[in-house]
Amino acid sequence: ALKINGTVIKKFNQSLIESVEQEMNVLSHFSRGIKNSEFFPVLQPKVNIRTGEIESFEALARWVSAELGFVSPALFIPVAENTGNIYKVDLVIFRKVLQWQKNRLDAGLKLYQVSINISPSHFYNASFVENSVALIKKYSIDPKYIKFEITESVELDNVLRAKKIINELQQYGVATSIDDFGVGYSSLSYLQELPFEEIKIDKSFVDNLSNPRMNAVIKTIIQLSGNLNMISVAEGIETEDQHNELKKLGCNIGQGYYYYKPMPIEQINDLLADQMTV
Ligand code: C2E
Ligand code: CA
Ligand code: CA
Ligand code: CA
């Protein structure tokens with residue numbers, strides 16, 4: 001019995017060591033990756049659920065490392081977060097999105113709002129608003145084309161600070177979205193206190209739409225966001241059934257493989273060019 005136990009424990013330790021090694025490996029290549037511009041955004045369309053039209057995009061970070069090859073965001077995002085480096089990823093993606101929009105502006109093409117993911121630690125940085133405003137001005141982009149998605153992890157003692165930041169951004173014209181709603185520290189009281197313009201219902205909810213209790217929860221979130229004048233977005237939509245159900249529930253925006261996968265900027269430009277000729 002001891003031997004069986006021993007094997008189990010050894011296996012567990014082995015996988016723990018492997019994951020620590022993997023993380024150290026990622027970390028040791030991270031700075032050079034940032035310096036050498038190995039990080040870039042892919043864009044995933046956010047679709048009007050009623051009409052199917054592309055309304056906006058979400059930018060998602062990708063990393064193709066010279067030494068490591070493709071590194072999954074599931075690996076590098078937590079490593080960057082835990083080492084205080086996540087703002088570097090956020091900013092690279094933000095700049096590259098602004099450059100894309102600037103290129104379209106210069107070419108006389110239609111602009112789209114793009115959501116940038118901002119890690120909570122970055123969001124709470126004292127100069128976040130100031131730096132963001134300066135960056136948007138530098139690229140001469142109308143702030144209405146930028147939205148920040150912040151993962152729901154705001155603890156209650158930070159509500160006042162969050163409110164101040166969201167208000168400052170809103171005054172300047174940048175919208176904010178509460179990401180992964182329903183999985184974190186969700187509290188209805190802070191939903192009514194924080195003036196987010198958009199609420200993103202997490203994929204884990206969408207996955208369980210056919211469960212009547214979950215369906216009731218999602219229905220309530222969609223109604224609530226409507227009552228609070230917030231846009232409802234459902235993420236991770238993969239099937240026609242999910243699409244139909246969310247449409248029925250009155251959800252505003254859908255995002256997921258059912259519509260489009262995240263794509264590199266060149267592919268997005270092609271997609272938008274094709275749409276123009278339809
Ligand atoms: P998220 O913000 O919740 O983004 C949604 C994730 O779901 C993305 O994973 C996207 O590729 C994936 N996804 C979209 N539609 C579907 C679908 O229909 N099915 C499935 N199975 N997945 C779908 P990704 O790109 O791997 O990003 C993972 C997470 O990493 C993001 O979750 C976000 O929290 C974080 N992240 C990505 N880019 C950045 C960034 O630039 N800055 C920060 N701070 N975090 C980022
Ligand atoms: Ca997001
Ligand atoms: Ca999300
Ligand atoms: Ca998520």
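Given the structure is predicted, the values throughout are model-derived calculations rather than measurements. Read the numbers this way: they start at 1 and go in the same order the structure lists the ligands and their atoms.
With respect to the salt-bridge test (charged N to carboxylate O, under 4.0 angstrom), the residues Lys147 and Glu197 do not qualify.
Put simply, no part of Glu81 is less than 4.0 Å from ligand 1, judged by heavy atoms. In this structure, Lys200 falls outside the shell of residues with a heavy atom less than 4.0 angstrom from ligand 1. Heavy atoms of Ile237 approach ligand 1 to within less than 4.0 angstrom. In this structure, Arg62 counts as a contact residue of ligand 1, since one of its heavy atoms falls inside 4.0 Å of the ligand. Using a non-hydrogen distance threshold of 4.0 Å, Gln255 does not register as a contact of ligand 1.
At under 3.5 Å, not a single nitrogen or oxygen of Glu149, backbone or side chain, sits near a nitrogen or oxygen of ligand 1. Polar contact with ligand 1: present for Ala61 (N/O pair, distance under 3.5 Å).
A donor-acceptor contact closer than 3.5 angstrom links the side chains of Ser177 and Glu198.
In Glu149, the N, O or S atom that comes nearest to the Ca ion (ligand 2) is OE1.
Between the OD2 atom of Asp179 and the OE2 atom of Glu58, the angle taken at the Ca ion (ligand 2) works out to 180° after rounding to 10°. Between the OE2 atom of Glu235 and the OD1 atom of Asp180, the angle centred on the Ca ion (ligand 3) amounts to 80° when rounded to 10°.
Among the backbone and side-chain atoms of Asn117, an N, O or S atom lies under 3.0 Å from the Ca ion (ligand 2).
The side chain of Lys203, and not its backbone, has at least one atom closer than 4.0 Å to an atom of ligand 1 (non-hydrogen atoms only; side chain from C-beta on).
Ring-plane geometry between Phe128 and Phe148 is classed as tilted, the angle between the planes lying from 30 to 60 degrees on a 0 to 90 degree scale.
For ligand 1 and Pro262, the ligand atoms under 4.0 Å from any heavy atom of the residue are 11 (O). For ligand 1 and Gly236, the ligand atoms under 4.0 Å from any heavy atom of the residue are 16 (C), 17 (C), 18 (O). Within ligand 1, the atoms closer than 4.0 Å to a non-hydrogen atom of Pro73 are 26 (O), numbered from 1 in the order shown. Counting the atoms of ligand 1 from 1 in the order shown, those under 4.0 Å from a heavy atom of Glu58 are 2 (O), 4 (O). Close approach of ligand 1 to Asp90 (heavy-atom distance below 4.0 Å) involves ligand atoms 40 (C), 42 (N), 43 (C), 44 (N). Close approach of ligand 1 to Gly256 (heavy-atom distance below 4.0 Å) involves ligand atoms 15 (N), 18 (O).
Between Phe70 and Phe76, the ring centre distance reaches or exceeds 6.0 Å.
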